[in-house]
Amino acid sequence: MAMEFQILDVDYVNLNDKPIVRFFGKTEKGESVCVFYEGFKPYFYAAGDNVREALEGEPEVMGIEQVERNIVGHHKPQKVFKITTRNPAKTPDLREKLRAAGMVVYEADILFKYRVMADMNLKGIGWVRTEGDEFANTETVQADKKFTVKKLVPIEKEGNADLKHLAFDLECTSSTGMLPEPRRDPVIMVSIVFSHKFEGKDSMVLSTRKGDGVTSFDSESEMLEEFVKIVRRYDPDIMTGYNCNNFDFPFILDRMYKLDVKPLLGRCLQKRTSHRKIGNISRVNLTGRIVLDSFAIIKKDFSLQRYSLNFVANALLKEQKVDVKHSEIEKFWKGSDEEFRKLAEYCRKDSRLAMDLVLKMKLADKYKALSRVSGALLQDTLDSGETTRIENYMLREFNRKGYVFPCRPDDATAVKRGLGRKEELGGGAVLEPIKGLHSSVVVLDFKSMYPTIIRSFNICPTTKVMPDQEEEAGVKKEDLIVTPSGARFLKTDKKKGIVPGLLENLMSERDAVKKAMKGVKGESKSRELYAKQWALKIMANAMYGYFGYARSKLFDLDIANSITSVGRETIHSTKDVVEKKYGYTIVYGDTDSVFAKLEGMEDMDEMGRISDKIAKYITSNLLGSMELEFEKIFKRFLPLTKKRYAAWKFERTKDGWKESMEMKGIETVRRDWCKLVGETLNVVIETILKKEDVKGAVKYFKAVIDDLLANKIDISKLIITKTMTKAPKYYKGIQPHIELVTKMRARSPADAPGVGDRIEYVIVKGKEMLSKRAEDPSYIKEKGLQIDASYYIDNQLMAPLERIFGAMGITKSELMGGGKQTGLLDILRQGRIEAAEPKILKEIKRDEMTGFLCSKCSKHYPRMPLMGSCGCGGRLNFASANGPAEAVVN
DNA sequence: TATTCGCGGGG
DNA sequence: GTGTACGCGAATA
């Protein structure tokens, strides 16, 4: 009998002194599976003269065999010892023992499940077929199908099994007003939402109080026991919740521990579900299932202003939470039946939103694809970074080519590498932007620059030849490629590097998937292919970083530097060719792109044709698979500094040119800015770029300021929000939103915001310090208070807008009305500005300047206040550590 | 201008 | 479990 399933999780147990590997999975029909595989012996490698002696009499060692393997850094196979052991868990001991004896160990830090998967060529989320199945009569695991198998064979099969999801959410009371703590605060309610009907229901609410639509319990421990039973009966593949990794799981597990409820939420009935917290990150171990925290994934994959459940649900699902403030939970819990019912619906809705985010936003798709490409298990793809995936992917290929893989470095080595990195590792080239507003700029970029450099120069730990290694490698100088940083690699025809080979596979497979996408019909199929090509791209792009990462098993600065040095040289030579051969100015460039100015050109198609021609010519002179291509047109391009610019972009599509704005390094939405800032910034940038109307932009900005001063701006645009994370008394510094809460409590304790609430405030006029002048927007309207216009001008609007206008050569004094405004058009025409020369009196260097100092009362201002003089009426000088000065020089 | 610090999200 | 450990904006030197 045989069976096919998709691998969800793998672990092992020791039975009779032998490891038995367990594969948890799901069949196409939706049955949960657990198969047992026996007979795989743990092993690793060691090199050195005293390996046998060092392991003499070790009961854990089953065999030591001398074998030949390739080792990174050598060009001929080396004699190493393959050490076979009894128990994977004992490997670290043996490893350290060998190291203490001066031996070098290999592959002695690979998790046993990954050792097995790599050798059997099995991948996370990959499909597998079993052979020699025998029914396993065991109650140690929970699954629809349980078998002991003789063999597991990977199979090529597209599509994904239908996974069962369970979302849950807790409500707790708090005895302190701070976040509830499991050591003293109880769970009062648990909501559960099912992706597939469970006993006829799609959701449940459990609680220790009775109410409509709620399953009630006499005690918290009975409720938690039932929660465990429901999970087991429903048997989900994926458990989710919003911030469940950091709150709901740790909380409920700690409560179970305290109340003596067995936390058996996984598919193994012998392994308790546990959580471990390191730093701020907590991870949950659910054997046979997967924990997917929708908050964690959304934070990684979506760029939003805020990540509260309500904000995210609004932005992504157009839904909102039931309206209950955190501070009201306890009130509703103890309140009327109606209030309790509302709390239950609030709780249910939170689970439903967490579930909808996962299912409707397809949060797991990308990660499934990454697992299938890299081989890492889905849980690891979700929780850990690129390292796990790259190492899984590389290990397999290195082993196939007869290499043993190095171990990861110890902390001391990693720290040393990290320190050395800064001076020794060069990054990409960033060309100095030519200041001013530019028109008719085309952007050309190198397709997958670092992967193609690695391929074209055959850069790999297996092809690197050190100065004294020519003889060992059996090569001559002409067999080597030298990179600009001076490292030497074997040419491809001598020996193809493993990493270049992997990249070639990743990139050609991606091309094939993209081709297949064109002919595909059906939304789910095309989504799957899209995720696959995305994963292939991510894996290819991650390869470079791995060589420069301090904890990498293949850390090699020669390699990292070789890759970036080729990149830098390529950018500079591309700039030369475009400028000298074609006569166009490069106005900017960063790592893998150059921005060329096609002076005076208007016609998009014409600009596209010229770009294509240039790109094609340059590509023809590049090595190997490196390729320059036309990417987009910036009809207007306004650089502020390196890595920061605004542009009016046109992209070529099959239906003509698609227009949009592109901002790099310029935020128009920040949570500590009021709406007015973003709005003003957007209008100003658009006016400059689209209408080329700098005067208009200045005029608009001045009008905003006039409106502010005249109290004509709607208060809603001036609201700043901040969360109160703890009770006011625990704040050490004085902060506006906390001062406001204190005031609001004095006015009306019942309506004042509580811990965890977001506080909205507006700064009003007054004599007190700024923090004391934060006010509640509705209170302002009610009492007709005046807003503090100069605060909004100096502390909110000025800095970001000054940067934009500064890039156009407009100084603050010109902006604020006093200065001359002639010359703006000249600036535009020239596309270049010079900094104004300051008059020299008593001077300090620019970087010495700390702000402004009143000559009368010595008050210090970090930034020039709006009125241009001190509040006391005194004149302002420049301030520095060496005292005041009248001028600043560069 | 670089580096360290603090806090998000959950109740 | 043959383990590993966030990330960005603000404040500060």
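Below, read A as the first sequence line, B as the second, and so on, with proteins coming before strands; counting in each chain starts at 1.
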Report, as a single string ordered 5' to 3', how protein heavy atoms within less than 4.0 Å touch nucleotides 5-10 of chain C: B base, S sugar-phosphate only, - not at all.
BB--SS
Report yes or no: is the cationic atom of A/R209 (NZ for Lys, CZ for Arg) closer than 6.0 Å to the six-membered ring centre of A/F340, at no more than 45° off its axis?
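Relative to the ring axis of A/F340, which defines the angle, A/R209 lies inside both limits.
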Distance under 6.0 Å and angle within 45° of ring axis: A/K82 vs A/Y43
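Yes.
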Roughly how many Å apart are [M] and [N], using the [atom1] atom of each and rounding to a whole number?
| N | M | atom1 | value |
| --- | --- | --- | --- |
| B/dG11 | C/dC8 | P | 24 Å |
| C/dG3 | C/dG7 | P | 23 Å |
| C/dA5 | C/dG9 | P | 23 Å |

At 4.0 Å (heavy atoms only), tell me whether [X] reaches a base, stays on the sugar-phosphate, or touches nothing.
| X | result |
| --- | --- |
| A/L170 | sugar-phosphate |
| A/D350 | sugar-phosphate |
| A/D185 | nothing |
| A/P92 | sugar-phosphate |
| A/D11 | nothing |
| A/Y43 | base |
| A/S308 | sugar-phosphate |

Residue pairs, two or more places apart or on separate chains, that pass side chain to side chain donor-acceptor pair (under 3.5 Å) and touch residues 283-295 of chain A
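As it turns out, the side chain to side chain donor-acceptor pair (under 3.5 Å) pairs with a partner in residues 283-295 of chain A, which skip direct neighbours, are A/Q142-A/R289, A/D235-A/R289, A/R283-A/D383.
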Are A/I252 and A/D248 close enough that some pair of their side-chain heavy atoms sits under 4.5 Å apart?
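Result no, sub-4.5 Å side-chain heavy-atom pair not found.
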Residue pair A/F24 / A/D11, side-chain heavy-atom distance below 4.5 Å:
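Yes, at least one pair of side-chain atoms sits under 4.5 Å.
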As a test of reading the structure: which of C/dG3, B/dG9, C/dT2 is closest to the side chain of A/P42, going by heavy atoms?
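The nucleotide sitting nearest to the side chain is C/dT2.
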Taking the minimum atom-to-atom distance to the side chain of A/F295, which one of B/dG9, B/dG10, C/dT2 wins?
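Selected nucleotide (nearest to the side chain): B/dG9.
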Please work out which residues in residues 104-116 of chain A have a non-hydrogen atom less than 4.0 Å from an atom of DNA chain B and list them by number.
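Output list: empty, so none.
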Please report whether the ring centroid of A/F398 lies less than 6.0 Å from that of A/Y403.
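For A/Y403 and A/F398, the ring centres are under 6.0 Å apart.
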